[in-house]
Amino acid sequence: MIEIELDGKKVEVQEGCMVMHAAEKAGTYIPHFCYHKKLSIAANCRMCLVDVEKAPKPMPACATPVTQGMVVRTKSEKAIKAQKSVMEFLLINHPLDCPICDQGGECQLQDLAVGYGGSTSRYEEEKRVVFHKDAGPLISMEEMSRCIHCTRCVRFGQEVAGIMELGMSHRGEHAEIETFVGQSVDSELSGNMIDICPVGALTSKPFRYSARTWELGRRKSISPHDATGANLVVQVKNNKVLRVVPLENEDVNECWISDRDRFSYEALDSQDRLTAPMIKQGGEWKTVDWQTALEYVANGLQGVKSQYGAEFIGTLASPHSTTEELYLAAALMRGLGSQNIDARLRASDFHHNNTARWLGTSIASLGTLQRALVIGSNVRKDQPLLALRLRHAVRHGAKLHTINEVAFDWAMPVATQMVSDSANWVQALADVAAAVAQLTGATAPVSGNANNPQAQAIAKSLHSGDRKAILLGNAAAHHAKASSLLTLANWIGAQTGATVGYLGEAANTVGAQVVGAVPSHGGQNAAQMARGGLKAALLLHTEPHADMAHGAAAVQSLEKAEMVVTLSSFKTNMAFSDVLLPIAPFTETAGTFINTEGRAQSFHGVVKPLGETRPAWKVLRVLGSMLKVPGFELETIEEVRAKAIPADITSRLSNACDVAIDLTPATEKPEIASIYQLDSLVRRAASLQLTADAKAGSAA
């Protein structure tokens, strides 16, 4: 540790730290633009000039290492004069368009100009003009004359997103930030550039000119998309969601969110929103009141149960539903006498031991791994924020290995890419196990080719290092021989000291398993229900054609059912449904998501439900009461949560699996949703559907 004097106070910091870090530790604010705690130091803006004793001129706090006994003054006459001079230079070419700038009210330049800017400018020449650029459907680069060349956006692309999509061309007054040869910005994390831009050069294209920042109400929420559980701030005006930005949580999403977390809110006001209950009569859809709709559903379910038996009633629930909704849906089915409920809609292998499959470690620990093997995942697109953690680990020396059907571009170096047809993944992993057995002297659990050079490279890497993980992605979870892959991964993990876990697919994949939204005692799983046999089906946030592994078969079987009830925020499933019940999306209801590391995060609705929309937990509670199912006398979401979520979630988390490993090639490929087809919200977010990723997904 080194001790310095900062504005008359003694501060102890680590050797190698910069003056800026010492100031942060001491709680002293030094004005800055280019410095960002998550990015490398550039020292471009010079706004953080401070007075260092014995230094001939002011020094940039962000790029000046501390030394023992250093004396720093951040508010001396010399420091303030230097900072004001820098501000004058920054404002020389800056356009005076604050009244129409989307960044107005939350602009660092605007804020600091109040304290460090002059009342008049000495500059009389013409200001420079930078022509606008088209960076794609998400980021607006219409006013690049505002850019102060801090290069935060450039460094974010290089260091966090892993792809340098923006850069600085030319020199001097001709320098400008632009994309490469007119290309668009296509990173799945690109929206974070908007947040870190300290001026109004990069702004949100969907939000542009929608509201002033001081008009917006700010409410906390949790992402309903992937399994990270990113913390959000949802910004609202006139009961309408207008913007979503990250809420910092170092253990989960740091200060970043993915583009689908940021821009999916557009779907909330789509033309497709269902705002009132509807019943199909004589092939025609008619709007009815809630009492009529719920009585129709209750009578229909009772009729099917009386005529055919409860085993012919089932629920297909989306893993994007809240924990409370999934708990009540499972309780409703079991109260009726049916075990047919499943949220594993894209799965093909249903070996289950009543424990929840999870990450096997903490999300934060992924950034400190030394070795990692990822099986069956395009992690960059499936889990952008988990890929960010792995990218950080690789930048600090970690070795990453993959077994995949194709060599994906993960925007990070991959030490070994074992490319194999998904039908043969069990054999590929068996080869790795055989190579590990050769190194450890253990007996391999199944025959494999220990001389495969790629398997040997992976085995040697996993056998070395301290912090290691074997991670199974969506394609591995949905694989026809998923249990064989997990059994092999567990054996390799036990031999090498690596943790084993699933990256996770949806916001509540873990939560669905924790509360028992899976069949038991001989109940039908999602694949069995998709193949037919149900006389009555409840679809909770589920669109079978897009959400299920056997979507086409599920649609055909549901067309033959006597009653199909869709609980959705959107007009969907209209071809085969008999009743549509409008239920609230995550912004209009309270609930809990349990992310892939087993962290339960609760949230409240941020706006009032649209039209006659109701929270799904309330709809299910009323249905249960009408059907006289015991345990549905619940008045508040807190009461439901207390019954649904165990005090010790970790006791239900386990990746244990010990099945007979089947080396025969799988006969069907795993069903994987592309990044902007994952759930009903992103599918209806107009700007996301214009991105390169969406177009590539639809083409596939």
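Note that the structure is a prediction, hence the values are computed from the model and not measured.
- Remark: Leu328 CG to Met333 CE distance equals 12.0 Å, nearest 0.5 Å.
- A search for side-chain hydrogen bond (donor to acceptor under 3.5 Å, both in side chains) contacts involving Arg357 returns nothing, not counting sequence neighbours.
- Taking the side-chain contact (heavy atoms from CB on, under 4.5 Å) definition, one finds that Arg334 meets it with Ala330, Gln339, Ile341, Ser520, sequence neighbours left out.
- Applying the side chain to side chain donor-acceptor pair (under 3.5 Å) test to every pair with at least one member in residues 571-581, sequence neighbours left out, gives these pairs: Glu543-Thr572, Thr566-Asn573, Thr566-Ser577.
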Donor-acceptor contacts, no H, no angles, side chain residues 523-533, under 3.5 Å, sequence neighbours left out:
{"from": "Asn525", "atom 1": "OD1", "to": "Ala527", "atom 2": "N", "distance (Å)": "3.1"}
{"from": "Asn525", "atom 1": "OD1", "to": "Gln528", "atom 2": "N", "distance (Å)": "2.9"}
{"from": "Gln528", "atom 1": "OE1", "to": "Asn525", "atom 2": "N", "distance (Å)": "2.9"}

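- The closest donor-acceptor contact from the side chain of Asp679 to the backbone of His225 lies at 3.5 Å or more, if one exists at all.
- Residue pairs meeting the side chain to side chain donor-acceptor pair (under 3.5 Å) criterion with at least one partner in residues 622-639, sequence neighbours excluded, do not occur; the list is empty.
- Partners of Gln281 under the side-chain contact (heavy atoms from CB on, under 4.5 Å) rule, at least two apart in sequence or in another chain, are Ile279, Lys286.
- For Arg599, the side-chain contact (heavy atoms from CB on, under 4.5 Å) partners at least two apart in sequence or on another chain are Asp251, Val252, Asn595, Glu597, Gln601.
- Residues in residues 259-289 take part in no ring-ring contact (aromatic ring centres under 6.0 Å, His included) pair, two or more places apart or across chains.
- Within the structure, the ring-ring contact (aromatic ring centres under 6.0 Å, His included) test picks out the following pairs touching residues 581-614 (sequence neighbours left out): Phe593-Phe603.
- For His478, the ring-ring contact (aromatic ring centres under 6.0 Å, His included) test picks out no residue, with sequence neighbours left out.
- No cation-pi contact links Arg380 to Phe408, judged by a cut-off of 6.0 Å to the six-membered ring centre and 45° from its axis.
- Annotation: the span from Thr275 atom OG1 to Leu580 atom CG amounts to 11.0 Å, rounded to 0.5 Å.
- Every residue meeting the side-chain contact (heavy atoms from CB on, under 4.5 Å) condition with Ala546, not counting sequence neighbours, appears here in chain and number order: Arg683.
- Of the N and O atoms on the side chains of Asp289 and Thr292, at least one donor lies less than 3.5 Å from an acceptor on the other residue.
- Taking the charged nitrogens against the carboxylate oxygens, Lys643 and Glu324 have no contact shorter than 4.0 Å, which rules out a salt bridge.
- Ion pairing between Arg346 and Asp547 holds under the 4.0 Å rule for side-chain N and carboxylate O.
- Every residue two or more places apart in sequence or in another chain was checked for a side-chain hydrogen bond (donor to acceptor under 3.5 Å, both in side chains) with Asp269, and none qualifies.
- In this structure, Arg243 is positioned above the aromatic face of Phe207, its NZ or CZ under 6.0 Å from the six-membered ring centre and within 45° of the axis.
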